[in-house]
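Every heavy atom of this structure was used, including side-chain atoms; hydrogens, water molecules and symmetry mates were not.
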Amino acid sequence: MTKKQSIEELVKIELKDCRFHAECMALKVKQLRRKNKIINSILAVSSSASIASWAIWDDLAMLWGCIIAVSQVITALKPVFHFGKHVHTLNTRCYKQEALFLELDNLWYELKDGSIEKDAAKTRLNHLKQRISENEFFDDEDGFEFSKELQKEAAEMTADTLQTKYNITD
């Protein structure tokens, strides 16, 4: 027979999970922004180099031809990677995840100070869990994957936040 978890324990579990996913999303946004910036920088440099190459075309024709070709390939492939779209999508989800986390935070403190009844807390928690689950679901076309390294970093950040703010250590 399994032990029935208290509402406080259930909120604690959801706090940890919600914080973890918020950290994963925030880290992924940073990662995608970095990639987007690199690609845009390469395109800007290669475009400028292409224009500058006209002046010295005779000396380094092969080099400038390669730079122009690479920039054209990157320009053609850029829409396939959707970095800008992914940043926007994840930013929106990350913001919503943070707002949901704050609602859980509020519920946590209401339970701690006794200003909410257990049945009302259970109802609110179930509603929050549904909204959190919807926010954490991504379509296959979004293609978001959180690497093991990213998850490890997010777990460390989550543990630090929970320890510091809520004295949750497990």
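- Pairs of residues two or more places apart, or lying in two chains, that qualify as side-chain hydrogen bond (donor to acceptor under 3.5 Å, both in side chains) and include a residue from residues 116-125 are Glu8-Lys118, Asn106-Arg124, Glu110-Arg124.
- In terms of heavy atoms, Lys28 sits closest to Leu90 at CG-CD1, 3.3 Å.
- A continuous path of Ile, Leu, Val, Met, Phe, Trp and Tyr side chains, each step under 4.5 Å between heavy atoms, connects Leu10 with Ile168, placing both in one hydrophobic cluster.
- The minimum heavy-atom distance linking Cys18 with Ile132 is given by the pair SG-CD1, 3.9 Å.
- Summarising the geometry of Phe20 relative to Thr158, their closest heavy-atom pair is CA-OG1, 3.1 Å, with the distance given to 0.1 Å.
- Taking CD of Glu98 as the reference point, atom CG of Leu102 lies at 6.5 Å (rounded to 0.5 Å).
- The side-chain heavy atoms of Leu128 and Arg131, taken from C-beta on, include a pair separated by under 4.5 Å.
- The two residues Cys24 and Phe146 have their closest heavy-atom pair at O-CE2, 3.7 Å.
- Of the candidates Val11, Leu104, Thr161, Leu162, Leu162 is the only one forming a side chain to side chain contact (heavy atoms under 4.5 Å, CB included) with Lys16.
- Lys148 and Gln151 share no donor-acceptor pair across their side chains, judged by distance under 3.5 Å alone.
- A single hydrophobic cluster is seen to contain both Tyr109 and Ile7, as judged by linkage of ILVMFWY side chains at heavy-atom distances under 4.5 Å, directly or through other members.
- Between Arg19 and Glu14 there is no salt bridge, since none of the side-chain N atoms of the basic residue sits less than 4.0 Å from a carboxylate O of the acidic one.
- With a 4.5 Å cut-off on side-chain heavy atoms, Glu149 and Lys152 do not count as touching.
- Partners of Glu136 according to the side-chain hydrogen bond (donor to acceptor under 3.5 Å, both in side chains) rule, which considers only residues two or more places apart in sequence or in another chain, are His21, Gln97.
- Residues Tyr166 and Asp105 meet the side-chain proximity criterion, which asks for heavy atoms closer than 4.5 Å.
- Leu100 and Met25 fall into different hydrophobic clusters, where Ile, Leu, Val, Met, Phe, Trp and Tyr are joined by side-chain heavy atoms under 4.5 Å apart, directly or via other members.
- Linking Ile, Leu, Val, Met, Phe, Trp and Tyr whenever their side-chain heavy atoms come within less than 4.5 Å leaves Met157 and Tyr95 in two separate clusters.
- One finds a salt bridge joining Lys12 and Glu9 here, because a Lys/Arg side-chain nitrogen approaches an Asp/Glu carboxylate oxygen to under 4.0 Å.
- Distance alone, capped at 3.5 Å, is enough to place a donor-acceptor pair between the Thr92 side chain and the His88 backbone.
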